[in-house]
Amino acid sequence: MQIKAPRGTYDILPPDTGRWHYVEKILRETAEIFGYQEVRTPIFEHTELFERGVGTSTDIVTKEMYTFKDKSSRSLTLRPENTASCARALIEHSIYSGILPAKWYYIGPMFRYDRPQTGRYRQFHQFGVEAFGSNNPYLDAEVIILLVEVLKRLGLNDYELHINSVGCPQCRELYRQKLIAYITPVKDKLCSDCQTRYEQNPLRVLDCKEDTCHRAIAGYPTLLEHLCHDCARHYAAVKEALKASHIDFQHDDNLVRGLDYYTNTAFEIHIPGIGAQSAVGGGGRYNGLVAECGGPDLPGIGFAMGIERLLLAVDTVAGREINAGNTDVFISIMNDAYEPQALELLTRLRLAGIRAEKDYMGRSGRAQMKYADKLGARLAIIIGEEEIAQGFYTLRDMQSKEQVQISDQDIINSVKHRLAIA
RNA sequence: GUGGGUGUAGCUCAGUCGGCUAGAGCACCAGAUUGUGGCUCUGGGGGCCGUGGGUUCAAGUCCCAUCACCCACCCCA
């Protein structure tokens with residue numbers, strides 16, 4: 001039986017890797033312009049970190065983690081997300097006693113044992129940013145502006161940004177009580193999923209898609225009306241800042257993000273038309289996280305984006321195609337006796353910083369030209385009997401088909417010159 | 001974890017009621033054009049028909065199982 005990539009994983013091969021580089025470059029550049037620096041944390045961590053950081057009631061922790069024991073019986077887990085690791089690193093290296101806010105970004109693979117689907121994999125890639133140490137609402141806005149800017153730079157102008165505030169532990173608990181009181185009389189009318197949500201996390205009943213549930217709880221009290229004074233002011237400032245920055249968004253009472261660590265601002269960004277998994281990014285404020293992981297009481301805000309979903313969107317919505325040629329110059333020899341000279345010149349071109357290639361399959365002269373064409377070469381250098389006898393190279397422009405004779409000492413500069421103006 | 005769909009060449013897919021040596025297009029290689037690419041034409045290499053079992057004189061085709069992928073639920077990025 002042939003061995004294949006495990007379920008939910010896949011290979012990224014050329015020329016696809018070029019598309020990844022293109023997206024990754026935009027992500028890194030944008031983050032750095034906004035003042036975020038890259039962090040790289042381990043791919044696996046102690047299981048306890050995610051249990052505490054993500055929350056034991058979440059789907060991620062209860063059923064989606066890749067957990068294993070190492071040879072010393074430590075329980076380790078392949079990271080399902082990177083925010084908890086960032087908080088751990090921040091604490092471990094006492095970053096909080098340095099210059100604040102600490103503004104980090106990351107990019108890399110995450111792992112969740114989930115049923116694969118369009119835009120959903122078991123090993124997938126996230127880009128994300130985290131800003132620790134400030135509870136300033138304008139930092140919330142900065143992070144959202146960065147998220148939107150990334151989409152704009154990828155040509156994804158058609159997005160839906162939803163925001164909400166989930167308050168602080170105090171006002172959220174008060175609201176939870178009210179909501180439970182509101183739902184309890186109509187509990188029996190809810191779908192079976194909502195029956196369990198009602199027990200575990202009543203707020204999640206709000207974003208159920210079932211019509212019957214919507215009707216059953218119609219007129220429910222909203223989080224927005226129950227925010228405490230500070231939380232309400234914080235949320236108002238975020239919205240005001242987004243408006244001032246001309247960012248379109250919509251308040252969404254039903255946006256209740258699943259992870260336990262969120263406080264105050266929560267947001268999610270969708271791109272219509274890429275399937276059921278249309279959330280390309282989501283995040284929020286997590287003021288309780290650092291303390292929960294054993295550090296000081298330090299606020300934080302961040303988001304994560306799914307790179308597979310971004311690529312899906314770039315393909316299906318933005319319709320962008322990125323394919324640069326493999327090479328610029330191809331050396332064609334008309335007799336295999338010229339292999340040594342060809343390789344010598346090839347290396348000289350390469351050491352001069354020029355992407356150059358030759359044939360290694362024993363192709364005929366004609367086939368070498370076909371090959372050059374497939375590689376996207378803009379220039380071909382032809383070495384045949386006449387060239388060897390008289391000591392020059394034939395330089396062919398693949399587009400115009402013009403050919404000129406160039407001496408050995410001029411060849412590098414001539415190639416450079418032609419590539420620069422082409 | 002639940003429901004539905006699909007597995008045939010590297011890719012996209014035909015393959016009738018179970019019946020001769022399993023096909024096409026694209027891609028790849030070669031030739032036409034022995035010193036020159038894109039177009040065209042000709043030829044060639046490539047298949048455990050996802051895997052395992054069953055029914056049958058006979059299975060790519062029917063049945064069962066299994067695995068994988070796709071779509072949706074769930075959840076999320």
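In what follows, every chain begins at residue 1, and chains take the letters A, B, ... in the order their sequences are listed.
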S.K.: So which atom in A/His125 and which in A/Trp20 form the shortest heavy-atom distance, rounded to 0.1 Å?
M.R.: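 Taking every non-hydrogen atom into account, ND1-CH2, 3.6 Å.
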S.K.: Once you apply a heavy-atom cut-off of 4.0 Å, does A/Gly119 come out as touching a base, just sugar-phosphate, or nothing?
M.R.: base
S.K.: Within this structure, what is the CG-to-P distance between A/Asp11 and B/rC69, rounded to whole angstrom?
M.R.: 12 Å
S.K.: Remember a base hit wins even if backbone is also touched, and classify A/Glu64 as base, sugar-phosphate or nothing at under 4.0 Å, heavy atoms.
M.R.: sugar-phosphate
S.K.: Work out how far the P atom of B/rU36 is from that of B/rG31, and round it to whole angstrom.
M.R.: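 Each nucleotide's P atom is 11 Å from the other's.
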S.K.: Distance check needed: B/rG37 P versus A/Lys358 NZ, whole Å only.
M.R.: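 For the pair A/Lys358 NZ and B/rG37 P, the rounded distance is 19 Å.
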S.K.: Of all the choices, B/rG35, B/rG4, B/rC28, which nucleotide is nearest to the side chain of A/Glu385 once you look at every atom?
M.R.: B/rG35
S.K.: At 4.0 Å (heavy atoms only), tell me whether A/Gly362 reaches a base, stays on the sugar-phosphate, or touches nothing.
M.R.: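 Answer is nothing: A/Gly362 stays at 4.0 Å or more from every strand.
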S.K.: Taking any heavy-atom pair under 4.0 Å as a contact, classify A/Gly281: base, sugar-phosphate, or nothing.
M.R.: sugar-phosphate
S.K.: Is A/Lys358 positioned over the aromatic face of A/Tyr360, cation under 6.0 angstrom from the ring centre and no more than 45 degrees off axis?
M.R.: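 Cation-pi check for A/Lys358 and A/Tyr360: passes.
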S.K.: Is A/Phe124 stacked on the base of B/rA77, with ring centres under 5.5 Å apart and planes under 30° apart?
M.R.: yes
S.K.: Would you measure the distance from the P atom in B/rA22 across to the matching atom in B/rG60 and give it in whole Å?
M.R.: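 Roughly 10 Å separates the two P atoms.
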S.K.: Categorize A/Tyr338 for me: base, sugar-phosphate, or nothing, with a 4.0 angstrom heavy-atom threshold over every strand shown.
M.R.: nothing
S.K.: When rounded to the nearest Å, what value does the distance between P atoms of B/rG47 and B/rU34 take?
M.R.: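 Their P atoms lie roughly 32 Å apart.
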S.K.: Run the side chain to side chain contact (heavy atoms under 4.5 Å, CB included) test on A/Thr265 and A/His234 for me, step by step, so that the C-alpha distance in whole Å, both residues' side-chain angles and the decisive distance to 0.1 Å come before the verdict.
M.R.: CA-CA 8 Å; A/Thr265 316; A/His234 186 101; 3.7 Å; yes
S.K.: Measure across A/Phe267 and A/Ile163 and return the closest heavy-atom pair with its distance rounded to 0.1 Å.
M.R.: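 Minimum heavy-atom contact is CB-CG2, 3.6 Å.
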S.K.: Counting the atoms with a prime plus P, OP1 and OP2 as sugar-phosphate, which does A/Ala304 contact under 4.0 Å by heavy atoms, base, sugar-phosphate, or nothing?
M.R.: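 Contact class for A/Ala304: sugar-phosphate only.
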S.K.: Using a heavy-atom cut-off of under 4.0 Å over every strand shown, decide if A/Arg363 touches base, sugar-phosphate, or nothing.
M.R.: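 Sugar-phosphate contact only.
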S.K.: May I ask you to say what A/Glu81 touches in the nucleic acid, namely base, sugar-phosphate or nothing, with a heavy-atom cut-off under 4.0 Å?
M.R.: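 Contact class for A/Glu81: none.
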